[in-house]
**Q** 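Please see the structure below; I have some questions.
All of these numbers come straight from a predicted model, not from anything done at the bench.
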Amino acid sequence: MIRTILELLPPSERSLARRYAALSLGSAIVQAGGYVILLPLLIALVEASPGGGQWGRVGMWLAAMTVMIALSVMIEARLANVAMDGGFILLDQTQERISHALLRRSLTWFTDEHRKDVRATLGTSGPEVATLVMNLATPLVSALTFPLALALGLAPFAPRFAFVCLVASPLAVASMWLATRTSRAYDAAEARTSADLNESVLEFARTQEVLRACRRATGENSRVRERLEKHRGASIRLIWWQIPSQMIMSTVMQLVLVALVLAAIWEYRAGTGTGLLDLSSPAALVGMLLIGVTFVEPFRTLIILTPAINHAAMTMGTVAELIEVPETAAPTTTLTRPVTTGGAGESPSDGSFELREVSFTYPNAHVPALANVSLSIPLGSSLVIVGGSGCGKSTLLAVLAGLLDPTSGQLERCTAAGCQPWGMTQRAADAAMVFQDPFLFQASVGDNLRIARRTLTDEEALAALKAAAVDDVVSALPRGLDTEVGSAGGALSGGERQRITIARALVKDAPLLLLDEATSALDPVRGRAIMRTFLAPTPRQARIAVTHTVAFADLAERVIVMDGGSIVADGAPADLRESSAVFAQLWESQRRASTGDQR
């Protein structure tokens with residue numbers, strides 16, 4: 001937990017941790033010194049008589065205690081400010097580091113379990129880390145340092161009592177560690193069921209149309225009720241296990257207090273201590289008893305805070321897992337080979353994207369989604385990729401877009417100067433992709449387009465919308481580009497959302513533009529018009545469209561046919577109808593479906 005907090009602090013703020021440690025240690029020493037002074041002060045008060053000379057000693061010890069109290073107040077105030085500053089820095093850094101780490105994750109990492117962790121952690125981790133520093137760290141540090149400082153301060157005056165304090169401190173800490181370990185597994189189970197319940201509630205809210213159509217909107221026998229029962233059971237088990245944990249710690253604290261009382265009586269009966277104070281005075285006994293109660297107070301506070309500390313430790317563990325991203329090879333500018341022109345299969349001098357023997361297998365899958373795919377994509381070209389469902393078309397686009405890293409093979413970007421490795425980060429920068437399921441953020445139409453390019457002007461936005469055949473729709477909206485599209489674009493139809501996402505890809509002005517079945521929600525006429533615009537050759541930009549509509553293939557210069565994760569044909573549409581059995585079969589089956597021919 002401490003290591004994760006230090007990793008989250010930026011290098012420029014590491015001194016804040018050192019200041020916090022120094023102030024915490026200083027606070028423990030000053031507070032312990034104040035309680036140590038209490039012992040001679042009480043003895044001097046009892047021994048002082050009216051008109052006697054002992055009042056000078058009383059004044060001296062009282063002045064010393066006043067100084068200690070003033071120092072303690074100043075240090076505590078400064079400590080609170082440092083803790084607050086650190087908490088706000090960690091609040092910002094936690095969410096920023098998680099966000100940056102997620103951008104470096106492969107798409108295959110985002111399983112349902114990881115998505116739940118991300119949603120739960122992003123929503124709560126920042127505030128919890130800030131709370132940990134501002135409200136939990138100081139009591140925790142105080143429980144570890146104050147008793148030790150108090151024991152060392154008492155050693156010159158009451159060695160037996162100090163010895164018991166020194167022995168009791170690690171025993172108290174060990175009991176707390178043992179108690180938290182016994183309930184940690186139940187804490188984790190409760191956190192998992194809580195995340196599952198939250199996911200089910202969100203799903204229940206999002207799918208009301210489907211549930212009402214199926215007459216399941218009441219929630220009876222639903223996943224929400226099932227997850228609620230599991231969460232209730234996990235919460236009850238956690239509470240039951242927290243009871244013995246609390247009992248263990250409370251029992252140890254009572255035993256420590258009894259031991260301190262006995263040690264105080266021992267010192268009182270022995271009388272002289274080390275000779276610096278007369279411990280045979282009743283005031284000395286009262287003072288040691290007060291110090292004994294003060295000694296266990298930080299541990300009592302920790303008993304109350306233990307569940308919160310345990311939960312914070314779990315959160316910090318999740319944060320550590322999320323920000324630790326396996327390092328991937330960074331794009332390099334070292335040329336892997338020179339590029340020449342004129343030979344078959346060689347990269348053109350004006351640039352291309354090269355795939356060589358690229359394969360990809362999804363986690364837990366036994367069959368590769370891509371198998372030894374080799375492909376050259378020159379800038380300025382337009383390609384259509386066709387094939388049956390599950391043949392690897394969308395996976396190939398995801399690799400090109402930098403969403404997936406291949407299991408094996410090489411990807412390179414070539415220019416007239418030579419070829420260089422085309423890494424995952426660089427592919428994401430070079431590609432703009434339109435997905436089959438369009439998604440718009442809960443913002444205005446203009447802001448959804450500016451996600452691709454922040455400096456986009458209204459004129460450029462309107463030009464992209466016109467190219468995507470949706471400018472008339474946006475112009476008719478109440479506020480035009482400034483109209484809010486609702487959650488996930490819910491204020492628009494499916495076709496309108498799809499065309500706006502096409503416009504968003506166009507404004508990125510990337511050298512590689514990818515369309516993954518992005519006209520599925522459009523009528524055939526509008527879909528064909530958009531595909532014709534999309535596949536029009538554009539200098540310095542390669543365009544690739546994946547489609548199940550084989551009739552769109554004649555709009556492209558080149559067609560790639562995939563089957564079983566491999567490229568089985570590559571050429572002009574007219575040629576493939578003669579040379580590729582797979583393409584000819586797809587073409588003929590769709591022709592028959594469109595004409596109603598059942599033969």
**Q** Go through Leu383 and Val559 one step at a time and tell me if the side-chain contact (heavy atoms from CB on, under 4.5 Å) criterion holds.
**A** CA-CA 6 Å; Leu383 289 74; Val559 175; over 6 Å; no

**Q** Could you tell me if the side chain of Leu411 sits less than 4.5 Å from the side chain of Val358, heavy atoms only?
**A**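 Of all side-chain heavy-atom pairs linking Leu411 with Val358, at least one is under 4.5 Å.
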
**Q** Tell me whether Ser359 contacts the main-chain N or O of Ser408 through its side chain, where contact means a donor paired with an acceptor under 3.5 Å.
**A**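 The answer is no, because no donor-acceptor pair under 3.5 Å joins these two groups.
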
**Q** What pair of heavy atoms forms the shortest contact from Ala432 to Ala505, and how long is it?
**A**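 The answer is CB-O, 3.5 Å.
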
**Q** If we ignore hydrogens and angles and just use 3.5 Å, is the side chain of Thr407 paired with the main-chain N or O of Thr361 as donor and acceptor?
**A**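 Side chain of Thr407 to backbone of Thr361, a donor-acceptor pair under 3.5 Å: yes, one is there.
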
**Q** Side-chain contact test, heavy atoms from C-beta onward, threshold under 4.5 Å: evaluate it for Tyr362 versus Thr395 and give yes or no.
**A**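 When only atoms from C-beta onward are counted, Thr395 and Tyr362 do touch, with a gap below 4.5 Å.
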
**Q** For residues Gln541 and Pro511, determine if any side-chain heavy atom of one lies less than 4.5 Å from a side-chain heavy atom of the other.
**A**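 With C-beta onward as the side chain, the pair stays apart.
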
**Q** Is there a donor-acceptor contact under 3.5 Å from the side chain of Asn448 to the main chain of Ser444?
**A**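 At least one qualifying donor-acceptor pair exists.
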
**Q** Any side-chain heavy-atom pair from Ile560 and Val384 closer than 4.5 angstrom?
**A**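 No, side chains not in contact.
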
**Q** List in chain and number order the residues that pass side-chain contact (heavy atoms from CB on, under 4.5 Å) with Arg453, two or more places apart in sequence or in another chain; answer none if no residue qualifies.
**A**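 With sequence neighbours excluded, Arg453 shows a side-chain contact (heavy atoms from CB on, under 4.5 Å) to Thr455, Leu456, Glu460, Val507, given in chain and number order.
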
**Q** Taking the side chain as C-beta and beyond, is there a heavy-atom pair between Val445 and Leu440 under 4.5 Å?
**A**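 No; the side chains remain at least 4.5 Å from each other.
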
**Q** Do you know the tightest heavy-atom contact between Leu514 and Ala431?
**A**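 So the two residues come closest at CD1-CB, 4.2 Å.
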
**Q** Might you point out which heavy atoms bring Ala464 and Leu506 nearest each other, and give the distance in Å?
**A**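 Of all heavy-atom pairs spanning Ala464 and Leu506, the closest is O-CD1, 4.0 Å.
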
**Q** State the CG-CG distance between Leu465 and Leu481, to the nearest 0.5 angstrom.
**A**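 Taking CG in Leu465 and CG in Leu481, the distance rounds to 6.0 Å.
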
**Q** What residues, two or more places apart in sequence or in another chain, satisfy side-chain contact (heavy atoms from CB on, under 4.5 Å) together with Ser394?
**A**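 Applying side-chain contact (heavy atoms from CB on, under 4.5 Å) to Ser394 gives Asp516.
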
**Q** Show me the pairs that pass salt bridge (Lys or Arg N to Asp or Glu O under 4.0 Å) and involve residues 464-485, at least two apart or across chains.
**A**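 Checked against salt bridge (Lys or Arg N to Asp or Glu O under 4.0 Å) - neighbours excluded - no pair reaches residues 464-485.
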
**Q** Using 0.5 Å steps for rounding, measure from the OG atom of Ser487 to the CZ atom of Phe441.
**A**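 With rounding to 0.5 Å, OG (Ser487) is 11.5 Å from CZ (Phe441).
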
**Q** Looking at Thr547, is its backbone amide N or carbonyl O close enough to the side chain of Lys393 to form a donor-acceptor pair, meaning the two atoms are under 3.5 Å apart?
**A**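 Flag not set: sc Lys393 to bb Thr547 has no pair under 3.5 Å.
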
**Q** With a 4.5 Å limit on heavy-atom distance, are the side chains of Leu396 and Ile385 in contact?
**A**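 A side-chain contact under 4.5 Å exists here.
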
**Q** For the OG atom of Ser475 and the CG atom of Leu462, what is their distance to the nearest 0.5 Å?
**A**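 Going from the OG atom of Ser475 to the CG atom of Leu462 covers 6.5 Å.
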
**Q** Please examine the side chains of Thr501 and Phe435, heavy atoms only from C-beta on, and report whether any two atoms are closer than 4.5 Å.
**A**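 Of all side-chain heavy-atom pairs linking Thr501 with Phe435, none is under 4.5 Å.
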
**Q** What distance do Ile567 atom CD1 and Met562 atom CE have between them, rounded to the nearest 0.5 Å?
**A**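 It comes to 5.5 Å.
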
**Q** Does the side-chain contact (heavy atoms from CB on, under 4.5 Å) test come out yes or no for Ile377 and Leu375, once each step is laid out?
**A** CA-CA 6 Å; Ile377 308 167; Leu375 182 63; 3.9 Å; yes

**Q** Determine whether Leu492 and Ile500 satisfy the following criterion, side-chain contact (heavy atoms from CB on, under 4.5 Å), listing intermediate values before the conclusion.
**A** CA-CA 10 Å; Leu492 304 173; Ile500 290 176; 3.4 Å; yes

**Q** State the CD-CZ distance between Glu412 and Phe353, to the nearest 0.5 angstrom.
**A**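 Taking CD in Glu412 and CZ in Phe353, the distance rounds to 12.5 Å.
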
**Q** Ser493: which residues meet the side-chain hydrogen bond (donor to acceptor under 3.5 Å, both in side chains) condition with it, sequence neighbours left out?
**A**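 Listed in chain order: Glu496.
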
**Q** Which pair of heavy atoms, one from Leu16 and one from Asp85, lies closest together, and at what distance?
**A**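 That would be CD2-C, 4.1 Å.
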
**Q** Heavy atoms only: give me the nearest Phe360-Pro406 pair and the separation to one decimal.
**A**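 Looking at all heavy atoms of both residues, the shortest contact is CD1-CA, 4.1 Å.
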
**Q** By the salt bridge (Lys or Arg N to Asp or Glu O under 4.0 Å) test, which pairs, at least two apart or in different chains, include something from residues 423-432?
**A**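 Listed by first then second residue: Asp405-Arg427, Arg413-Asp430.
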
**Q** What's the spacing between Thr193 OG1 and Arg227 CZ if we round to 0.5 Å?
**A**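 Reported value, rounded in 0.5 Å steps: 10.0 Å.
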
**Q** Where is the tightest heavy-atom contact between Ala371 and Ser566, given as atom of each residue plus distance?
**A**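 What the structure gives for the nearest pair is O-OG, 3.3 Å.
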
**Q** Would you mind reporting whether Leu397 and Met433 have side-chain heavy atoms less than 4.5 Å apart?
**A**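 Yes - at least one pair of side-chain heavy atoms lies under 4.5 Å apart.
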
**Q** Not counting sequence neighbours, which residues clear salt bridge (charged side-chain N to carboxylate O under 4.0 Å, His left out) with Asp570? List them please.
**A**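 Salt bridge (charged side-chain N to carboxylate O under 4.0 Å, His left out) list for Asp570, sorted by chain: Arg558.
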
**Q** Counting N and O atoms only, with roles assigned by atom type, does the side chain of Ser382 sit under 3.5 Å from a partner on the main chain of Arg543, one being a donor and the other an acceptor?
**A**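 Side chain of Ser382 to backbone of Arg543, a donor-acceptor pair under 3.5 Å: no, none is there.
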
**Q** Verify the distance criterion only: is there a donor paired with an acceptor across the side chains of Ser352 and Glu354 at less than 3.5 Å?
**A**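 The criterion, which ignores hydrogens and geometry beyond distance, is satisfied for Glu354 and Ser352.
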
